[in-house]
Participant: 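Take a look at this one; I'll ask things after.
Computed from heavy atoms alone, side chains included, the values below leave out hydrogens, waters and symmetry copies. Here is the naming used below: chain letters follow the sequence lines, and residue numbers restart at 1 for every chain.
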Amino acid sequence: MKAETPKTFDPKIWEQKIYQQWESSGGFKPAIDKKKRPYTIIMPPPNAYDKLHIGHALFVTLEDIMVRYHRLRGEPTLWLPGADHAATASQIFYEKKLRQEGKSRHDLGRERFNDELMQFMLEQRNTMEDQLRRLGASCDWTRKKFTLDEDVSQAVVYTFKKMYNEGLIYRGKRVINWSPKSQTGLSDLEVVHKEVEGELTSIRYPIKGGGEIVVATTRPETMLGDTAVAVHPRDKRYKDIIGKVVVLPLMGREIPVIGDEAVDIKFGTGAVKITPAHDPNDFEMGQRHNLEEVEVIDKNIKITKAGGKYAGMKAAEARDKIIEDLDKLGLIAGRKKFVHSVPHSERTGEPVEQLLSEQWFVKIEPLAKPAIEAVKKGKIKMIPKRFEKVYFNWMENIRDWNISRQLWWGHRIPVYYLESDRSKFAVAFDVQEAEKELGGKVVQDEDTLDTWFSSGLWPFTTLGWPEKTEDFKYFYPTTVMETGHEIIFFWVARMIMLGLYCTGEAPFELVYFNGIVRDKENQKISRSKGNIIDPMEMVEKYGADALRMGMMMGTAAGQDTHVDEDKIRAYRNFANKIWNAARFINIKSPDAKDVTDIKLGAEDKKMLDEFSGVAKDITKLMDKYDIGQAGDKLYQYFWHRFCDECIEEAKLRLEDDKTKDSTGAALNYILKNSLKLLHPFVPFVTEAVWQTLYQEEGLLLTQKWPAS
RNA sequence: GGACAUGUAGCUCAGUUGGUUAGAGCAUUCGGCUUACAUCCGAAAGGUCACAGGUUCGAAUCCUGUCAUGUCCACCA
């Protein structure tokens, strides 16, 4: 560096060039050494069509810091990037796009719809990948994966087949959550409960042989499908009524009064109408008491033929009509406003309908048990640890997993039915295999798999499993899964269960949970709130290093983090500080000797000692995954200790011939090694300085960490 | 209904096993183009450590309770 080198670090000149050097150098690829344990992170794949938002910037920053740190430590380090087909989100997204063009997916047909969407995805994916590059993500692009890659899809079928053969996947009729808008079933996790003000209607059900029993409901129209009335077996009021028969009003059907512990004595009259086809609790009760399931609402939320004279009406219309009719008969015992929680689709926001439907399920208990064990025994650790409790709590109360989705986009369920007899089916890789097995023409199941089914296999399908590839053998189990705590059940739990089931090993050693990004008013960053910070705009304005520092400073695992533009600007200044400290040292001492080749003064030794203490502290913090603290310590040290004090005090000694050389050597040593410590956090500016000063030693990317 | 997290300067956060006058950065104010950097340097101001009890020679730190904020789970006929 010379006095005339620019006074400011200009990210625009450097970033792209440096990234290309890194990538083409092969430095992102792990230096495989069978004697060393690899450090592996499989990237949580962003949606292929996503533009990166600030949440992505956070996870990319954190993972890149981990990966760069371990790479500098000399470990064979793999960060494997990917893209997700994000079944539900993508289909909804693309259908919306079609609608704007005045089309629907049915105009295209399944095949064309999927082809077009695939085309679109692959195009968009380039944008997403470019954005990862701009953030400085040091991942191995030669190993990148897409969740719909041929080999990944094969692995999905393989797993489905194995689970089916071992009795872990079954087809069954259950009450499921049905999203009318997207016309698909949802898992319990895809449903959120919202408080809604509704109406609680009390209805008199006449008892055959005299008397009546009053039940209350928020969904009077479901009474058409009632097949019992339940009371608590120890409820004194109804002691003599259990076993009697009531006549279902409007329908005239005779249904029993049953006793079941699940009934809450204190609620309402203590008697509840049971509709096994439209309520999961009622369904379970129906199973216990062998009740008939009468479906009265269909997938378009209209009353079915079983609904008698109400058939064909929309459920809401039927509700009003039924109340009117009951009222005429004097059977309404009361109506009152009632706030209750109603399940809504997490995706579309609409209320979901609970319907009886035939779906594929994963029997979860045999998978959950070992998954609980793995965490209990410490085979998998979570940071922060408190999420282990959250995990146990959910896993211990887990229910079977509905994996069918009535979507077109995604992994199609690998089940083929014999055309001539649909009760016969085979699980197969393709039509030929199925036809061979069934001995006739076959049709494939129309449904696709829950996107989290294939995502659950991600830590090993990305490495080539079920083939015993070199990568799989070497890198699996992986080291860290870094992701958001909001998907601990959706994803993390499923990866652990499926990982243990498929490979016999826990898929990773450590789960690091990042928090949610909020703005300075503590609001969640979201488009609807209008407070989005576009990471690419920030990179454009302040450089990737500044954005990265802004993302990670003050973060702790599992803790929400705050960003705003001021913060990012402040760290742009930090990048500049590094640049200028280097300029100064190099201008004053362009031919600095190695500290081992020169007699050092007392002040020099003190500076060096202090530096090695800092390097040790940083190392300790990094090993604890206390990344925010490590960043803060470094920032503090480099700027306010090294620059403000060490360099300032050294200025005099640099003017004195007796101390000039040794001081220069010491400053140079600290600068050079600080670049290594700083590199995981601010990779671009440190690399830019390194290449300007120490080019003959190769890229900073793969230097040796200056502490142990 | 249950669980968890957080509450320290205007804002974002440190504060190690309890130990002098509670620390940074950003923002603010003042003074400086001092031979790397004005994307800078120096200085100042700013705190009842959410609140109330308790343990202790000593509490931001440990215990109990309260309040506020946020998150998750369960569920409501």
Participant: Within the structure shown, what part of the strands sits under 4.0 Å from A:Thr218 by heavy-atom distance: base, sugar-phosphate, or nothing?
Facilitator: sugar-phosphate
Participant: Does B:C41 have OP1 or OP2 under 4.0 Å away from a side-chain N or O of A:Trp639?
Facilitator: yes
Participant: What does A:Glu195 touch in the nucleic acid at a heavy-atom separation under 4.0 angstrom: a base, only the sugar-phosphate, or nothing?
Facilitator: base
Participant: Do the ring centers of A:Phe684 and A:Trp14 come within less than 6.0 Å of each other?
Facilitator: no
Participant: So for atom CZ, which belongs to A:Arg234, do other residues, nucleotides or ligands contribute more than 12 heavy atoms lying within a distance under 6.0 Å?
Facilitator: no
Participant: Which value, in whole Å, describes the distance between the P atoms of nucleotides B:G7 and B:C13?
Facilitator: 9 Å
Participant: Can you find a side-chain donor-acceptor pair between A:Asn576 and A:Thr8 that sits under 3.5 Å?
Facilitator: no
Participant: Is A:Phe489 touching bases, backbone alone, or none of the nucleic acid, heavy atoms closer than 4.0 Å?
Facilitator: sugar-phosphate
Participant: In whole angstrom, give the distance that lies between atom CD of A:Glu396 and atom C1' of B:C73.
Facilitator: 13 Å
Participant: Heavy atoms under 4.0 Å, any strand shown: does A:Leu200 hit a base, just sugar-phosphate, or nothing?
Facilitator: sugar-phosphate
Participant: Which part of the nucleic acid does A:His640 contact within heavy-atom distance under 4.0 Å: base, sugar-phosphate only, or nothing?
Facilitator: sugar-phosphate
Participant: Would you say that more than 12 heavy atoms from the other residues, nucleotides or ligands in this model lie under 6.0 Å from the NZ of A:Lys651, or not?
Facilitator: yes
Participant: What does A:Arg386 touch in the nucleic acid at a heavy-atom separation under 4.0 angstrom: a base, only the sugar-phosphate, or nothing?
Facilitator: sugar-phosphate
Participant: B:U28 and B:G46: how far apart are their C1' atoms, nearest whole angstrom?
Facilitator: 9 Å
Participant: Just how far, in rounded Å, is P of B:U34 from CG of A:Leu652?
Facilitator: 17 Å
Participant: Can you tell me how far P in B:G53 sits from the matching atom in B:A45, rounded to whole Å?
Facilitator: 31 Å
Participant: When rounded to the nearest Å, what value does the distance between C1' atoms of B:C41 and B:U34 take?
Facilitator: 8 Å
Participant: Take atom C1' in B:U8 and the same atom in B:A68, then report the distance between them in whole Å.
Facilitator: 16 Å
Participant: Would you measure the distance from the P atom in B:G42 across to the matching atom in B:G25 and give it in whole Å?
Facilitator: 10 Å
Participant: Which listed nucleotide (B:C37, B:C75, B:A74) is nearest to the side chain of A:Trp394?
Facilitator: B:A74
Participant: Is a side-chain N or O of A:His278 found less than 3.5 angstrom from the main chain of A:Ile297, in a donor-acceptor match?
Facilitator: yes
Participant: Suppose we define a pair by two distances each less than 3.5 Å, Watson-Crick or G-U wobble; what does B:U56 pair with here?
Facilitator: none
Participant: I'd like the P distance from B:A38 over to B:C62, given in whole Å.
Facilitator: 45 Å
Participant: Just how far, in rounded Å, is P of B:A74 from CD1 of A:Ile398?
Facilitator: 11 Å
Participant: Pick base, sugar-phosphate or nothing for A:Phe387, based on heavy-atom distances below 4.0 Å to the nucleic acid.
Facilitator: nothing
Participant: Can you tell me if the side-chain N/O atoms of A:His562 get under 4.0 Å from OP1 or OP2 in B:C13?
Facilitator: yes
Participant: Starting at atom CG of A:Asn281, determine the distance to atom P of B:C75, rounded to an integer number of angstrom.
Facilitator: 7 Å
Participant: Return the nucleotide paired to B:C11: Watson-Crick means purine N1 to pyrimidine N3 with N6-O4 or O6-N4, wobble means G-U with N1-O2 and O6-N3, both under 3.5 Å.
Facilitator: B:G25
Participant: Is there a donor in the side chain of A:Thr275 and an acceptor in the side chain of A:Lys273, or the other way round, less than 3.5 Å apart?
Facilitator: yes
Participant: Expressed as a whole number of angstroms, how long is the span from A:Ile647:CD1 to B:U35:P?
Facilitator: 16 Å
Participant: Out of B:A36, B:A24, B:C26, which has the shortest distance to the side chain of A:Gln636?
Facilitator: B:A24
Participant: Under 4.0 angstrom, heavy atoms only, what part of the nucleic acid is A:Lys273 near: base, sugar-phosphate, or nothing?
Facilitator: nothing
Participant: Find the partner of B:C40: check Watson-Crick (N1-N3 plus N6-O4 or O6-N4) and G-U wobble (N1-O2, O6-N3) distances, both under 3.5 Å, and reply none if neither fits.
Facilitator: B:G32
Participant: Quick one: the side chain of A:Lys389 and the base of B:A5, do they pair up donor-acceptor inside 3.5 Å?
Facilitator: no
Participant: Who is the Watson-Crick or G-U wobble partner of B:A3, with both distances under 3.5 Å?
Facilitator: B:U71
Participant: Can you see whether A:Ser179 engages A:Glu350 through a side-chain donor-acceptor pair at a distance of less than 3.5 angstrom?
Facilitator: yes
Participant: Would you please confirm or rule out a distance under 4.0 Å between OP1 or OP2 of B:C37 and any side-chain N or O of A:Lys7?
Facilitator: yes
Participant: So A:Asp279, base contact, sugar-phosphate only, or nothing? Heavy-atom distance under 4.0 Å.
Facilitator: nothing
Participant: Identify, between A:Ala581 and A:Ala556, the residue whose nearest nucleotide on RNA chain B lies closer to the 5' end.
Facilitator: A:Ala556
Participant: Would you indicate what A:Val263 reaches in the nucleic acid, counting non-hydrogen atoms under 4.0 angstrom: base, sugar-phosphate, or nothing?
Facilitator: base
Participant: For A:Tyr637 and A:Glu610, which I'm curious about, is there any donor-acceptor pair between the side chains at under 3.5 Å?
Facilitator: no
Participant: Base, sugar-phosphate, or nothing for A:Glu486, non-hydrogen atoms under 4.0 angstrom?
Facilitator: nothing
Participant: Which whole-number value in Å describes the distance from A:Asn393 CG to B:G1 P?
Facilitator: 17 Å
Participant: Would you kindly give the CG-to-P distance between A:Leu621 and B:A14, to the nearest whole Å?
Facilitator: 12 Å
Participant: Report yes if a side-chain nitrogen or oxygen of A:Asn573 is closer than 4.0 Å to either non-bridging phosphate oxygen (OP1 or OP2) of B:C40; otherwise report no.
Facilitator: yes
Participant: Determine: side-chain N/O of A:Lys577 to OP1/OP2 of B:C41, distance under 4.0 Å, yes or no.
Facilitator: yes
Participant: When you match A:Val390 and A:Tyr635 each to their closest nucleotide on RNA chain B, which lands nearer the 5' end?
Facilitator: A:Tyr635
Participant: Would you mind reading off the distance between A:His485 atom NE2 and B:U6 atom P, rounded to a whole angstrom?
Facilitator: 13 Å
Participant: Is A:Gln629 touching bases, backbone alone, or none of the nucleic acid, heavy atoms closer than 4.0 Å?
Facilitator: sugar-phosphate
Participant: Using both distances under 3.5 Å as the test, list the Watson-Crick or G-U wobble partner of B:U20, or none.
Facilitator: none
Participant: If we call it a pair only when both distances are under 3.5 Å in a Watson-Crick or G-U wobble match, what pairs with B:C49?
Facilitator: none
Participant: A:Asp264 near the nucleic acid: base, sugar-phosphate alone, or nothing, with a heavy-atom cut-off under 4.0 Å?
Facilitator: base
Participant: Do A:Tyr205 and A:Asp226 get their side chains close enough for a donor-acceptor pair, meaning under 3.5 Å?
Facilitator: yes
Participant: Mind checking the P distance from B:C63 to B:G70? Whole angstroms is fine.
Facilitator: 25 Å
